[in-house]
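Chain naming here is simple, since letters A, B, ... match the order of the sequence lines and numbering starts at 1 in each.
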Amino acid sequence: MGIPKITPIKSQLVNPNKIEDFPGPYCMSFGFDIRPLAQSIDRVGLVNCPLLIENKNAELTVIVGYRRIHALKTLGWDRIPCGVLSEFEVSPLECLLLNLYDNLATRKLNEVEKGMVLNRLHSQVPRKEILEVYMPLLELPSNEPTLLFFIKLEQELDTEIKEYLVQKKISLQTAKMLLKMESDERSHVFNFMSSIKFNINQQKQFIDNIIDLAVIENKPTHELLNEPSLKAILVNKHSNNPQKAQAILKLLRGRRFPSLVKAEKAFKKKVSSLDLPKSASIHAPPYFEEPHYRLEVLFREGKELKETINRLTLTEDLDDLGDPWEKDV
Amino acid sequence: MSNFTIKKVLVEEGARKRAFTDEVLSKLPGIPVQHVKGITSATVSDELDMGKDTLHLLSYKGEFLKPCPGTREYICCGYQILNVATNCPINCSYCILQSYFNQPNLRVFANLDEKIDQVLKEIDSKPECIFRVGTGEFTDSLAIDSITCWSDLLIPRFSERKNAVLELKTKTTQIDRLVAGKYRDRIIVSWSLNSPYISAHEEHKAASLKKRLEAARQCQSEGFVLGFHFDPLIPHPHWKDEYLRTIELMDKYIDPKGIIWISLGSLRFMPGLKPIIRRRHPGSCVLDGEFITGLDGKMRYFKPIRIALYRFMRENLEKWHQNLGLYLCMESDDVWQKSLGWSPKNTIGLSSYLDRRVVEIFG
Ligand code: SF4
């Protein structure tokens with residue numbers, strides 16, 4: 001794809017009010033902070049002119065430099081030097097590529113912006129070319145599922161969720177999980193999550209459990225999220241957000257994994273009833289999957305270790321320690 | 001004729017001008033045939049139907065005989081997979097093949113007839129070993145046998161070997177070619193069974209349990225040795241009553257003395273399968289259980305749930321008959337002990353146990 005050389009384009013002064021206010025079909029800027037750019041222009045002036053395209057009705061759309069125009073408007077400039085191309089000189093795809101290469105030369109695109117690029121390219125460029133040329137350019141793995149995910153991300157996620165993603169308040173994995181939901185369900189789950197401020201790991205657990213429970217209990221997610229037990233945690237004035245997050249996850253986990261949680265509780269109870277020496281502790285393997293439990297003894301010298309071992313041999317009820325579910329199976 | 005509709009045939013370059021391909025095409029008159037260069041870019045994840053009605057003939061470059069991909073952490077049966085095809089027309093909601101292979105379509109290897117001699121040579125070169133070979137790991141052994149005629153190619157060759165058995169594992173009733181043939185020795189016809197509920201709701205396009213057992217009875221009366229596989233066992237509402245009904249049906253149709261083995265396994269899968277099941281089988285109950293991450297990284301039921309399933313099955317199967325060759329698929333020593341009351345300790349131990357069953361039954 002040949003891209004027109006823009007060096008010979010003469011710049012002209014354009015009234016910013018005549019430039020359309022939204023990013024338009026070529027710009028791929030999302031979730032940016034305009035202040036540093038505005039400060040820089042305020043100090044050293046405008047180094048590179050934005051590039052615009054004019055249609056037959058004399059309407060101007062930004063090809064390159066949307067952020068700059070935005071900053072200049074904030075600074076109150078009433079004339080902006082811009083390069084202006086006519087729509088007869090350059091095709092929409094060329095405009096798109098001008099913007100893409102201009103951006104890639106100066107900064108890294110965030111995930112939402114990558115989605116914007118791929119979404120726009122996919123209506124104009126053969127899929128094979130997107131996979132082979134543009135995905136590596138965006139530092140993305142060249143495969144169909146990734147391409148489809150980024151296109152969906154752009155098309156289906158609400159602006160607020162995109163903002164959370166760009167601000168790294170949710171992970172790409174969380175965005176992926178949210179995208180698998182119907183739009184209504186997604187906004188219920190997202191609103192709940194953002195009100196409680198789960199960390200990234202907690203977000204995955206929360207979504208996993210809430211989706212599983214909705215299927216298992218055959219209830220819509222919003223009904224689950226509105227249950228009194230969850231509401232009570234949300235409005236509890238005595239706990240802060242991290243405590244609420246923990247409490248919610250604990251509640252959901254207990255409901256999703258009743259036997260596992262019961263076994264964990266029973267094991268903990270049994271161990272704490274054993275009156276072990278203070279320097280000794282007993283641990284279960286993750287999910288009780290490995291057959292062995294672990295005894296941990298802290299000591300400074302052999303004599304102390306010996307004493308602990310002696311006390312352990314005298315510990316009553318140690319013989320009964322075993323798989324906590326044995327009587328239930 | 002197969003109950004599975006083939007709507008399209010793709011023939012890769014390497015499969016063209018082969019006797020096998022011509023045979024297959026002659027059995028599918030009127031079905032559009034497309035000649036393709038090689039691997040298409042489509043992946044399983046974009047195709048909801050996974051191309052289950054597209055027969056894709058190709059020449060397979062890899063090893064045809066491979067040991068079962070067991071893991072170090074659990075005891076494996078030491079089975080050998082004869083890789084004749086990948087993917088399957090039956091469409092069980094829990095099928096691990098949905099995430100295992102990244103290529104759609106029923107991919108059938110058109111060069112099996114050329115490579116089978118190499119496989120047999122390998123078997124013949126180790127007369128001291130017993131090769132328990134099966135074709136039902138990456139596909140159903142019999143679902144499209146009326147088109148591929150694998151049984152015609154394989155059964156006579158395995159039947160005449162003293163250090164091998166061939167197990168054909170299926171959820172269908174496609175036994176016509178088997179019973180029409182004259183070979184019985186060293187051939188095991190096996191059915192995967194489940195509870196009536198799981199069979200009806202999760203094993204789409206499989207024959208009903210009753211039909212499977214009727215086919216098994218016919219094979220047994222024709223002189224075939226039978227195997228059964230309860231894999232995956234799935235806890236679901238009233239699972240005890242449900243699995244009891246299956247055992248009752250077995251009792252009605254099958255003489256237990258002619259069974260070489262019955263395996264018990266519970267659902268396990270790579271984490272990546274979960275979203276695929278959710279997307280492809282929205283009403284499925286197979287993900288409802290309490291899954292934990294196992295020692296091999298696969299999701300499996302929390303240990304006491306597995307033990308309860310196996311114990312229950314063992315108790316009730318052994319009420320029916322004591323000597324069924326029960327074994328667990330991919331389980332740990334402690335789960336063996338707690339559910340079957342003994343353990344082969346490791347993969348070598350389980351292999352020897354199953355080899356002994358082969359010797360007991362076939363000599
Ligand atoms: S029969 Fe076996 S291979 Fe075929 S879909 Fe079902 S589980 Fe998968």
Contact check, side chains of A:Asp212 and B:Lys274, non-hydrogen atoms, under 4.5 Å: yes
Which atoms of B:Tyr74 approach chain A - backbone, side chain, both or neither, heavy atom under 4.5 Å: side chain
Top contributor to chain A interface from B:Thr293, B:Val335, B:Leu287 [non-hydrogen pairs under 4.5 Å]: B:Thr293
Greater than 12 external heavy atoms within 6.0 Å of A:Ile216's CD1: yes
Over 12 foreign heavy atoms within 6.0 Å of CZ, B:Arg245: no
Residue pair A:Ala263 / B:Phe302: nearest heavy atoms and the distance that separates them: CB-CZ, 3.7 Å
Side-chain touch A:Pro291/B:Asp333, heavy atoms, less than 4.5 angstrom: no
Approximate separation, where rounding is to 0.5 Å, of B:Leu295 CG and A:Glu290 CD: 5.0 Å
CD/A:Glu182: more than 12 non-hydrogen atoms of other groups inside 6.0 Å: no
CH2 on A:Trp325 to CD1 on B:Ile307, rounded to 0.5 Å: 6.0 Å
A:Asn218 atom CG, neighbour heavy-atom count above 12 within 6.0 Å: no
Short N-O contact, A:Arg256 and B:Asp288, less than 4.0 angstrom: no
Spacing of CZ belonging to A:Phe288 relative to CG belonging to B:Asp334, to within rounding of 0.5 Å: 13.0 Å
Ionic contact status for A:Asp323 with B:Lys338, cut-off 4.0 Å: yes
Greater than 12 external heavy atoms within 6.0 Å of B:Lys240's NZ: no
Within 6.0 angstrom of B:His35 NE2, more than 12 heavy atoms from elsewhere: yes
A:Leu260 and B:Lys303, any side-chain heavy atoms less than 4.5 Å apart: no
Short N-O contact, B:Arg311 and A:Glu326, less than 4.0 angstrom: yes
Toward chain B, the part of A:Pro285 with a non-hydrogen atom under 4.5 Å: neither
From B:Arg300 atom CZ to A:Glu289 atom CD, the distance as rounded to the nearest 0.5 Å: 6.0 Å
